[in-house]
Amino acid sequence: MAAPAPAGAAAAAAAAAAASPSPLQSAFAELVKSPSGLEKVVLRGARNCCVEVYLYGGQVTSWKNDNGEELLFLSSKAIFKPPKAIRGGIPICFPQFGTHGNLEQHGFARNRFWVIDNDPPPLPVNSAIKAFVDLILRPSEEDLKIWPHSFEFRLRVALGPSGDLSLTSRIRNTNTDGRPFSYTFAYHTYFSVSDIRILSWMFLSKTACSGCLSLTCAYYFISEVRVEGLETMDYLDNLKAKERFTEQGDAIVFESEVDKVYLAAPSKIAIIDHEKKKTFVVTKEGLPDAVVWNPWDKKAKAMQDFGDAEYKNMLCVEPAAVEKPITLKPGEEWKGRLVLSAVPSSYCSGQLDPLKVLQG
Ligand code: TA6
C-alpha cells in the first residue's frame, strides 16, 4: 500500500523528488544548493518544522520549530567557504575536541565534505521518523597523513514528528593493520537564546512614617537564561589551564566568558529561556561530558566570523567525550547520540520546574 500523500511543503518536495531523482530517496529530504554554492539537505517535518544539514562539515545549521522559529544560533558573519568551519549550528568535533591533542582545534571532520550514504547499516529508529538523512565521512589521503587511521563515520540527522532533532554518530575503526585508535568528540551545539546577560534593576521605594521619609533601595538581578542539571558537577576550566573545579550548587547563569568541560555530566541538561518561555532539553547517550561556552564581549570581537554583540544571544552546550578519549579496536564501532527538544516553559506551563524537565 502506497505511503499517505505528505502535506504542504513535504508535498512540494515529493513532487520535486519525483521529477528529478536525487541521491536522497525520501519525500521529506531534499538536496539543494545554498547561496554559498555549498550543498545542503533540507529535512521537512510536520507543519513548519525544518532542519538544514550541510554536506560541508556534516553540519546542521538550522532547526526550526512548527512556528518556523529558528532554534539554533548561526552567526550573521559565518563563513561558508572551506577550510573555515561554519560558525553556528552543530559543528562536529572529531577526532579531537578543542586543543586536546596535536591536530587543528576541534579536529577536521567539521571542515571536510561528507557524502550522502544511501545504504547505511540498519539503525534501530522510531518508524514514525520520516525526515532523516544519512551522511558518511571517510579519511582522505591527506587526512591519513595527519591522523593515520582508517575509519567510517556515519551520521544520521533526523527530525522527529514532534519536532525533536536527533544526531546519531557511528564511528567504526576500519584499520586493517590491527591498530586501535583513540579520539575525543563533541556535538558543538550553538543554541539561540534571548539576552544571556544577568540584568539588574535598582528598586527605590519611599516610605513615609511619622514625619520622616526613608528611601529603601534594592537591587534585583534577573537572568533570562540559565542552565540546569550541571549543579555540583566537576569541570575543567579552559580559561584556567584546564584546572579542575566543582560547580556551585545552583543553576548556571552568565555574567562573563565561560569555557568549561563538565565531567560525567547527567544524560539530560536543560537550558531555560524565560524570555522566550522555552526550555531546550539536551539528551545525550555515549557522551559522558558536556561543554558550556560563551565567548562574551572581548572574545566575540576577536572572532572575524562572529558579530561583536552576538554573544548575547547564543550559548553552546556541547555533549562530548573529552576527559576519557574513546578507544576503538579494528572492527569496533562507537555510537554517540544527541536529542534536542524545545518545550514551552513558563510559570503557568508548570514546565518551569527544571527537575520536571530533567526527570520528565
Ligand atoms: O567548545 C568551546 C571551545 O573549545 C572554546 O574554547 C572556543 O574556542 C570554541 O570552542 C570555539 O572554537 P572555534 O575553533 O570554533 O573557534
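Both counts, for ligands and for their atoms, begin at 1 and track the order of listing. Residue numbers run from 1 in the order of the sequence given.
Under a 3.5 Å cut-off, the side chain of H106 and the backbone N or O of G98 do form a donor-acceptor pair. Side-chain N or O atoms of E70 include one that pairs as donor or acceptor with a backbone N or O of L72 at under 3.5 Å.
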Return a table of N or O atom pairs, ligand 1 on one side and protein on the other, at distances under 3.5 Å, rounded to 0.1 Å.
{"from": "ligand 1", "atom 1": "1 (O)", "to": "H188", "atom 2": "NE2", "distance (Å)": "2.9"}
{"from": "ligand 1", "atom 1": "1 (O)", "to": "E318", "atom 2": "OE1", "distance (Å)": "3.0"}
{"from": "ligand 1", "atom 1": "1 (O)", "to": "E318", "atom 2": "OE2", "distance (Å)": "2.9"}
{"from": "ligand 1", "atom 1": "4 (O)", "to": "H106", "atom 2": "NE2", "distance (Å)": "3.3"}
{"from": "ligand 1", "atom 1": "6 (O)", "to": "D259", "atom 2": "OD2", "distance (Å)": "2.5"}
{"from": "ligand 1", "atom 1": "8 (O)", "to": "Q105", "atom 2": "NE2", "distance (Å)": "2.9"}
{"from": "ligand 1", "atom 1": "10 (O)", "to": "H106", "atom 2": "NE2", "distance (Å)": "2.9"}
{"from": "ligand 1", "atom 1": "10 (O)", "to": "H188", "atom 2": "NE2", "distance (Å)": "3.1"}
{"from": "ligand 1", "atom 1": "12 (O)", "to": "Q105", "atom 2": "NE2", "distance (Å)": "3.0"}
{"from": "ligand 1", "atom 1": "12 (O)", "to": "H106", "atom 2": "NE2", "distance (Å)": "3.4"}
{"from": "ligand 1", "atom 1": "14 (O)", "to": "Q105", "atom 2": "NE2", "distance (Å)": "3.0"}
{"from": "ligand 1", "atom 1": "14 (O)", "to": "R110", "atom 2": "NH2", "distance (Å)": "2.9"}
{"from": "ligand 1", "atom 1": "15 (O)", "to": "R87", "atom 2": "NH1", "distance (Å)": "3.0"}
{"from": "ligand 1", "atom 1": "15 (O)", "to": "R110", "atom 2": "NH1", "distance (Å)": "2.9"}
{"from": "ligand 1", "atom 1": "16 (O)", "to": "R87", "atom 2": "NH1", "distance (Å)": "3.3"}
{"from": "ligand 1", "atom 1": "16 (O)", "to": "R87", "atom 2": "NH2", "distance (Å)": "2.9"}

| said: Evaluate E39 against K33 for salt bridge (charged side-chain N to carboxylate O under 4.0 Å, His left out), listing each step before the verdict. | reply: CA-CA 4 Å; E39 287 184 304; K33 194 157 281 222; 5.1 Å; no
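Under the salt bridge (charged side-chain N to carboxylate O under 4.0 Å, His left out) criterion, no residue pair touches residues 308-317, with sequence neighbours excluded.
I92 and F97 are members of different hydrophobic clusters when ILVMFWY side chains are connected at heavy-atom separations under 4.5 Å.
Ring pair F80/Y56: centre-to-centre distance not below 6.0 Å.
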